[in-house]
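Only one structure is covered here, and it is reproduced in the block below.
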Amino acid sequence: MAPPAKEDPKPSNFLRTIIERDLAAGVHQGRPWGGSPGDAAHHAAGAVDPARIRTRFPPEPNGYLHVGHAKSICLNFGFAQDYGGVCHLRFDDTNPEKEEQEYVDAIIEMVHWLGFDWTAHGHSHLYFASNYFDFMYRAAEALIGAGLAYVDEQSAEQMRSSRGDFNTPGTPSPFRGRTPAENLARFREMRDGLHADGAMVLRAKIDMASPNINLRDPALYRIKRATHHNTGDRWCIYPMYTYAHPIEDALERVTHSFCTLEFEDQRPFYDWLLENLTTLGLLSQPLPRQYEFGRLNLTSVMTSKRKLKSMVDEGIVQGWDDPRMPTLAGMRRRGYTPESIRKMAADTGASKTNIWVDYSVLDIALREDQEAKAARAMAVLDPLPLKLLNWAEVFGAAAHREPCQAPAHPQHPELGQRRFELGPDLWIERDDFAEVPAKGFFRLFPGNKVRLKYGVVIECQGCEKDAGGAVTAVLATVLPDTRSGTPGADSVKVKGTITWVAAHDALAAEVRLFERLFATDQPEEGGRDFRDNLNPHSRRVMQAWLEPSLATVAPDVRLQFERHGYFVADRVDHRPGRPVFNRITSLRDSRPR
Ligand code: ATP
Ligand code: MG
């Protein structure tokens, strides 16, 4: 897949400054790369790394990607593109209980959809942390041998209480003084399945009094009998994330390991581990360095995978790809383009604090992307019949149909014309008629004249109502010789133009309108449960009428419905003959604030 076309020049940010500084100083220049991930010896036997930098996007395959991940994907793959580097897609699959192949496949699909690829220099840089379990185990034995790790048989509760807190140093475990030989024997017993889950853990031996609690002998390995999606039942011990992640980066010779702020306190351990494994000869300099950036949060959006999963499981939404979901699958189905998501990521930069961005940045990016691309069409979403009473007199016969045309795109004549017909019975938007107009209302009300877009000028003569007083049809007359595009078109001045479709050739369609899932910007404001803060209007289904030119639109095609916004043919439910469209966003942000 071709890399996305170069977008606007990117503004600098502190992560770019770090990369540029390292490139200028030649920090990684000339280092060998073994052609695939591996230990010091493997890389030493390789040639000079053709990649100037290596970054990685390391999702845990325990759910679907969301808009926050898009930020990280765009940063990591984007930096690799911009600086002659390579970005690895690495599944951080060291936790057997929550990970599934289904998620692996979905993640691969969505990173591709966003426009990124991990094939470079003839190799696919798609990696699985679980393929490094052998090395991780070997590294653990090396640490034990060097007196840098020990097996602790305290209970989880004892370990927690002896860790101390911010004000109190921890107390050493009674098992901390064991010899390397004893520790090695125990660790091998752990590996060989001789102990129960949770009976003991392998811990780093660092400093129980460190002011950084992460350095108070963090756990490296635990016993867990669980079938792993990649390694099956081969292991009953699994590395902890904090131990595994630095090793993954180092084996892959990542140069810049970018992660979110919550990992800042882990950085000293990251460095401790990699430096010790280098001293032990398992890894080699230059080592990866970790840098933290602020998470991207969007207003009225929750990005925790766990909470998104509960929305799916509890039926609050209709699946991971519900168009209201902030998952990439949901955003794709909603109709957001990869370009718009990349633009949102670029526009929100990288900062040293977590940032909150108004959801409207996505809509603004989508409009910018689609304004010049999306073909136009007319659609009536909330239909009310309009009857043209003098049709037969003006056009000579009730059966007469008046051909009309409009450009597929106002700025792109090369896209040609849409053709449709005007007839005596039309559909118009219900709110384009008011029996008693409010001040400033210029559309249909008794006695007022409006233009039917691309058609004729009409004058409203009143309406029909049902027994309950509800308006069932609007009545109007045609003003002769006022056809758009004819010399008489400007003979009558009108203040309003309305969209319409003709009853005889309109296409029935289901149109789904979406609003934000939550009623307020912060779904969990004031500690409330997000379930109590749902927006009841987040999904509305309209039985709409569309102009006939849309009969052959394929799924995933985006259009601008004039006056209504940008829409996409639903990738799941849309069929020829049974059109289903999603509104991506309106033409402007009209949300009350
Ligand atoms: P969640 O809390 O939803 O499970 P996570 O961070 O645990 O998300 P991972 O699969 O571990 O999910 O994330 C992969 C990468 O995406 C990590 O490097 C993580 O820091 C990054 N990431 C996740 N959410 C955001 C966000 N909101 N903004 C920027 N980067 C993010
Ligand atoms: Mg995570």
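All ligand and atom numbering here is 1-based and tracks the order in the structure. Count residues from 1 along the sequence.
Ring-plane geometry between Trp272 and Phe269 is classed as parallel, the angle between the planes falling under 30 degrees on a 0 to 90 degree scale with a further cut at 60.
Close contacts of ligand 1 with Phe57, meaning ligand atoms under 4.0 Å from a residue heavy atom, involve 14 (C), 15 (C), 16 (O). The contact set between ligand 1 and Lys305, taken as ligand atoms under 4.0 Å from a residue heavy atom, comprises 1 (P), 3 (O), 4 (O), 8 (O), 9 (P), 10 (O), 12 (O). Residue His66 has at least one heavy-atom neighbour below 4.0 Å for each of these atoms of ligand 1: 3 (O), 24 (N).
The NE2 atom of His256 lies 13.0 Å from the CD atom of Gln290; values are rounded to the nearest 0.5 Å. Distance check: Cys74 SG to His69 NE2 gives 12.5 Å after rounding to the nearest 0.5 Å.
Remark: the Asp165 side chain and the Asn167 side chain contain no N/O donor-acceptor pair separated by less than 3.5 Å. Tyr336 and Asp369 share no side-chain donor-acceptor pair at under 3.5 Å. Thr255 and Asp22 share no donor-acceptor pair across their side chains, judged by distance under 3.5 Å alone.
Any N or O atom pair closer than 3.5 Å counts here, and Leu296 shares at least one such pair with ligand 1. Checking only distances, Glu60 does come within under 3.5 Å of ligand 1, N or O to N or O. Checked by distance only, ligand 1 and Thr260 come closer than 3.5 Å through their nitrogen or oxygen atoms. Considering backbone and side-chain atoms together, Glu262 places no N or O closer than 3.5 Å to any N or O of ligand 1.
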Go through His88 and Glu252 one step at a time and tell me if the side chain to side chain donor-acceptor pair (under 3.5 Å) criterion holds. CA-CA 8 Å; His88 300 182; Glu252 294 179 19; 2.8 Å; yes

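With a 4.0 Å heavy-atom cut-off, ligand 1 is reached by no atom of Arg306. Contact annotation: for Ser304 versus ligand 1, heavy atoms closer than 4.0 Å belong to the backbone alone.
Between the choices Ser257, Gly68, Pro58, the shortest heavy-atom distance to atom 31 (C) of ligand 1 belongs to Gly68.
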